[in-house]
A.B. asks: 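Please read through the structure below; I'll follow up with questions.
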Protein chains: 2
Amino acid sequence: MATIKDVSRLANVSISTVSRVINKSANVAPEKEQAVLKAMKELNFQPNSFAQALVNKRSNCIGVLVGDLCGGPFFAQMMRGIEDVILPEKKYVIVMSGNHNHDREKDCIEALMLRRCDALIIHSKALSDDELIEYSQSGIPMVFVNRLVSSLEDRSVWVDITAGMADAVRHLIANGHRKIAYICSDDAAFADEKDRMAGYKMALEEAGIEFDPNIVSAAFPDENGGYRAIESLLMRDAGFTAFVAYNDAMAIGAISALADNNITVPGQVSAVGYDDNPISNYIKPKLTTVRYPIEEVGKRAATLALSLLYDRSEEFNWRWPLKFTPVLIEKASVAQARPEEPEKKPKKAAKKQS
Amino acid sequence: MATIKDVSRLANVSISTVSRVINKSANVAPEKEQAVLKAMKELNFQPNSFAQALVNKRSNCIGVLVGDLCGGPFFAQMMRGIEDVILPEKKYVIVMSGNHNHDREKDCIEALMLRRCDALIIHSKALSDDELIEYSQSGIPMVFVNRLVSSLEDRSVWVDITAGMADAVRHLIANGHRKIAYICSDDAAFADEKDRMAGYKMALEEAGIEFDPNIVSAAFPDENGGYRAIESLLMRDAGFTAFVAYNDAMAIGAISALADNNITVPGQVSAVGYDDNPISNYIKPKLTTVRYPIEEVGKRAATLALSLLYDRSEEFNWRWPLKFTPVLIEKASVAQARPEEPEKKPKKAAKKQS
DNA sequence: CTGTTAGCGCTTTCAC
DNA sequence: GTGAAAGCGCTAACAG
């Protein structure tokens, strides 16, 4: 691999001159410039990015910590949003997956910092606000996604999950449902779950419906988890005419389980998911869901990271909000509750019909 | 950020000694070692990875080019396989997505090389064998996945896609189907599509069924593409009692379109997908599909890359094969063809029933 | 076992 | 406008 020295020799100039034409950092006599360009071409010269990074103290890499890339299109869509912003700036993106695991998230952040990323975009579920705050003091620009870190509100790009979940439940209530189950994540310690739960409870309370822990079922937040969570609900014999799910994957698994138990959706049970995963348009029935604007979040986070890095907050900062609001997308998995009909599991008849 | 010099000063030793304890590259007197360790702790010292990379000529990064992370779990699962192998080696993975686009794939590979990745794992659809061969001569260890690059057979980790597709079609034939449509990708120039088409034709030929271009429909290989491809088939009024799809996403879209046209699966039309995308277990009916062992491919490719890098081929090379064979997974979307029944689109009645 | 020294490839003063 | 020279932080001979 050719070095700057080889080029300077071939072009009969000093290495400083070569450096100048590489970086356009100063004027160079036209003929010398041509000679250098020619030599670079000839030797197929590529500046060594490590040497550059060493002296510039800048790596041109943006580090991203995501939950996992495998758990569905969620983070992948976020990455797309991020790349849309970062790549045009001629910077690279380094991704690592924390798998929602405390130690692994720590390892990844430290690895990313060790790699001297210019800025970090962090989706952390498992680390505490305090840990995040400590990292953010390292000096490297850091933005947090899908999470509002207290005291770092201006570095947090987040979605009002609670509002989205409340909307989902309100939609069901508006359709006459009162026994609304919640298929939730078993990561009850994480904000993602807490916020949804808060939205669920809020909407119930607004409607004067008492919260019933018996129709809440937790499992790992994927299709299989949704399947099992509904099964567990069915075994409990707790009547419900509708459910909301932590995410679309769980909703799809749940619908699949209902089908296996000969329960129709939305005929007997209405369903609302969360995320607006593209697949929700291709199952039967099409899944009514809450759109989580994840790609926009990715874009916004990347833009913020760049603005922090270049210290050009004025330019970027208020073009988009830091807070996004999810919106309900009505498709075909919600039907009007049939008022007086006994629930499919008649043991516990609805008693709170107002 | 503290440097090795700061540490050496604090510990009252030379920087070489510090370097020695960092790298365990030579014995150091226990008490000095302790002093160094203590100083490193105290200063929160982290070796500068660029300086290390500059002198070691090794970045500890493995570059990966994938199609896209967003198009479903396929590449994400491959990444998981790769990370399972790379991370324990204390190396990092840098991923870039080529989006199956020729120029973008080139850019990514060059960016990865520029970054001086220690080795590259390349999933390229759009580049020619010759281009790939040229890149592979750059000196940096390179392995190709999901593709057999001629003359680089020992660097290609691939899946016998043709065999898998032939099995899918044979399965349908064994169930009495003769009018088997093929929902294919519109990337007809790429090996992925050519290979599947070859398998489709091969199985038809074995069974003495004439290839009928009228029941082949191409579209973008995602759910929406599958949806449209089937619609187009329906409009053509070409009778078929079953279909195989390029991948599960297309199959799911296709099934969704059939449902929208009141055609039942597998009642009226049988379906076979490709990939064994986890979601295929949660749709109705569960999708019979061909398992593409993508995670194993990722693992194998990463292992090969490492073995190339460390020049320890003997150790790794034959632990696993470079060629994988997909296997048919029977679920619930295939039914026996009803022999004499006119097809749902009666225009073209089956005439080749043997 | 340990310190001194010479780079790795590049950018950036600082003189000329 | 241009070159010489001093590092960036680290590793690896090379002497002791």
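Protein chains get the first letters and strands the later ones, always in sequence-line order, with residue 1 at the start of each.
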A.B. asks: Where each residue is assigned the nucleotide of DNA chain C containing its nearest heavy atom, which of B/A29 and A/S49 is assigned the position nearer the 5′ end?
C.D. replies: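 Between the two, 5'-proximity favours B/A29.
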A.B. asks: Could you list the residues that satisfy side-chain contact (heavy atoms from CB on, under 4.5 Å) with B/A126, not counting sequence neighbours?
C.D. replies: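 With neighbours one apart ignored, the set is B/H102, B/E105, B/F190.
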A.B. asks: Can you tell me how far the SG atom of A/C61 sits from the CZ atom of A/R116, to the nearest 0.5 Å?
C.D. replies: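 Those atoms lie 13.0 Å apart.
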A.B. asks: Taking distance alone, no hydrogens or angles, what donor-acceptor pairs closer than 3.5 Å link side-chain atoms of residues 134-147 of chain A to residues at least two apart or in another chain?
C.D. replies:
unit_1, atom_1, unit_2, atom_2, d
A/Y135, OH, A/E110, OE2, 2.5
A/S136, OG, A/I133, O, 2.7
A/S138, OG, A/Y135, O, 2.9
A/S138, OG, A/I140, N, 3.3
A/N146, OD1, A/Y292, OH, 2.9
A/N146, ND2, A/H123, ND1, 3.0
A/R147, NH1, A/S124, O, 2.9
A/R147, NH1, A/L127, O, 2.9
A/R147, NH2, A/L127, O, 2.8
A/R147, NH2, A/D129, OD1, 2.8

A.B. asks: In chain order, what residues pass the side-chain contact (heavy atoms from CB on, under 4.5 Å) check against B/L43, with sequence neighbours excluded?
C.D. replies: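 Listed in chain order: B/A2, B/D6, B/V7, B/L10.
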A.B. asks: Can you list the residues that meet the side-chain hydrogen bond (donor to acceptor under 3.5 Å, both in side chains) rule with A/N60, with sequence neighbours excluded?
C.D. replies: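 For A/N60 the side-chain hydrogen bond (donor to acceptor under 3.5 Å, both in side chains) partners, ignoring immediate neighbours, are A/K91.
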A.B. asks: For the side chain of A/N56 and the backbone of A/R58, is there at least one donor-acceptor N/O pair under 3.5 Å apart?
C.D. replies: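 Answer holds: no.
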A.B. asks: Identify, with sequence neighbours excluded, every residue that meets side-chain hydrogen bond (donor to acceptor under 3.5 Å, both in side chains) alongside A/S59.
C.D. replies: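 Listed in chain order: A/D118.
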A.B. asks: Can you tell me if B/S97 uses its side chain to pair, donor with acceptor, with the backbone of B/N99 under 3.5 Å?
C.D. replies: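 Absent.
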A.B. asks: Provide the start and end nucleotides, 5' to 3', of the part of DNA chain D that has atoms under 4.0 Å from heavy atoms of chain A.
C.D. replies: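 That gives a stretch of D/dG1 to D/dG9.
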A.B. asks: Do B/K106 and B/E131 sit within salt-bridge range, that is, some charged N less than 4.0 Å from a carboxylate O?
C.D. replies: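 Yes.
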A.B. asks: Spell out, as yes or no, whether a donor-acceptor pair under 3.5 Å connects the side chain of A/T303 to the backbone of A/K299.
C.D. replies: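 Present.
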A.B. asks: Taking any heavy-atom pair under 4.0 Å as a contact, classify A/V28: base, sugar-phosphate, or nothing.
C.D. replies: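 Sugar-phosphate, backbone atoms only, no base.
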A.B. asks: Give a yes or no on whether the backbone of A/A189 and the side-chain of A/D187 come within a donor-acceptor separation of less than 3.5 Å.
C.D. replies: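 No, because the side chain of A/D187 does not come within donor-acceptor range (under 3.5 Å) of the backbone of A/A189.
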A.B. asks: For the helix from C/dC1-D/dG16 to C/dC16-D/dG1, measure the angle between the helix axis at one end and the axis at the other, each built from five pairs, rounding to 10°.
C.D. replies: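 One end axis against the other gives 40°.
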A.B. asks: Using the heavy-atom set of chain B and a strict 4.0 Å cut-off, write down the first and last nucleotide of DNA chain C that makes it in, 5' to 3'.
C.D. replies: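 The footprint of chain B covers C/dC1 to C/dG9.
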A.B. asks: Could you list by number each residue of residues 34-48 of chain A showing a heavy-atom separation from DNA chain D of less than 4.0 Å, or answer none if no residue does?
C.D. replies: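 Close to the strand, none.
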A.B. asks: Would you please test A/K323 and A/V159 for side chain to side chain contact (heavy atoms under 4.5 Å, CB included) and show each step?
C.D. replies: CA-CA 6 Å; A/K323 169 181 165 180; A/V159 172; over 6 Å; no
A.B. asks: Return a table of donor-acceptor pairs under 3.5 angstrom between the side chains of residues 21-29 of chain B and protein atoms on other chains or two or more places apart.
C.D. replies:
unit_1, atom_1, unit_2, atom_2, d
B/N23, ND2, B/S19, O, 3.0
B/N23, ND2, B/S19, OG, 3.3

A.B. asks: Specify the residue among B/K57 and B/N27 whose closest nucleotide of DNA chain C lies further upstream toward the 5′ end.
C.D. replies: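 Looking at the nearest nucleotide for each, B/N27 comes out on the 5' side.
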A.B. asks: What parts of residues 3-23 of chain B reach DNA chain D, counting only heavy atoms under 4.0 Å away?
C.D. replies: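 Within this stretch, B/T3, B/I4, B/I15, B/S16, B/S19, B/R20, B/N23 sit under 4.0 Å of the strand.
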A.B. asks: Using modelled atom types and a 3.5 Å cut-off, is there a donor and acceptor pairing between side-chain atoms of A/S156 and backbone atoms of A/V149?
C.D. replies: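 Yes; at least one donor-acceptor contact below 3.5 Å.
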A.B. asks: Would you mind listing every salt bridge (charged side-chain N to carboxylate O under 4.0 Å, His left out) that reaches into residues 41-53 of chain B, with sequence neighbours excluded?
C.D. replies: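 Sorted result for residues 41-53 of chain B: B/K38-B/E42.
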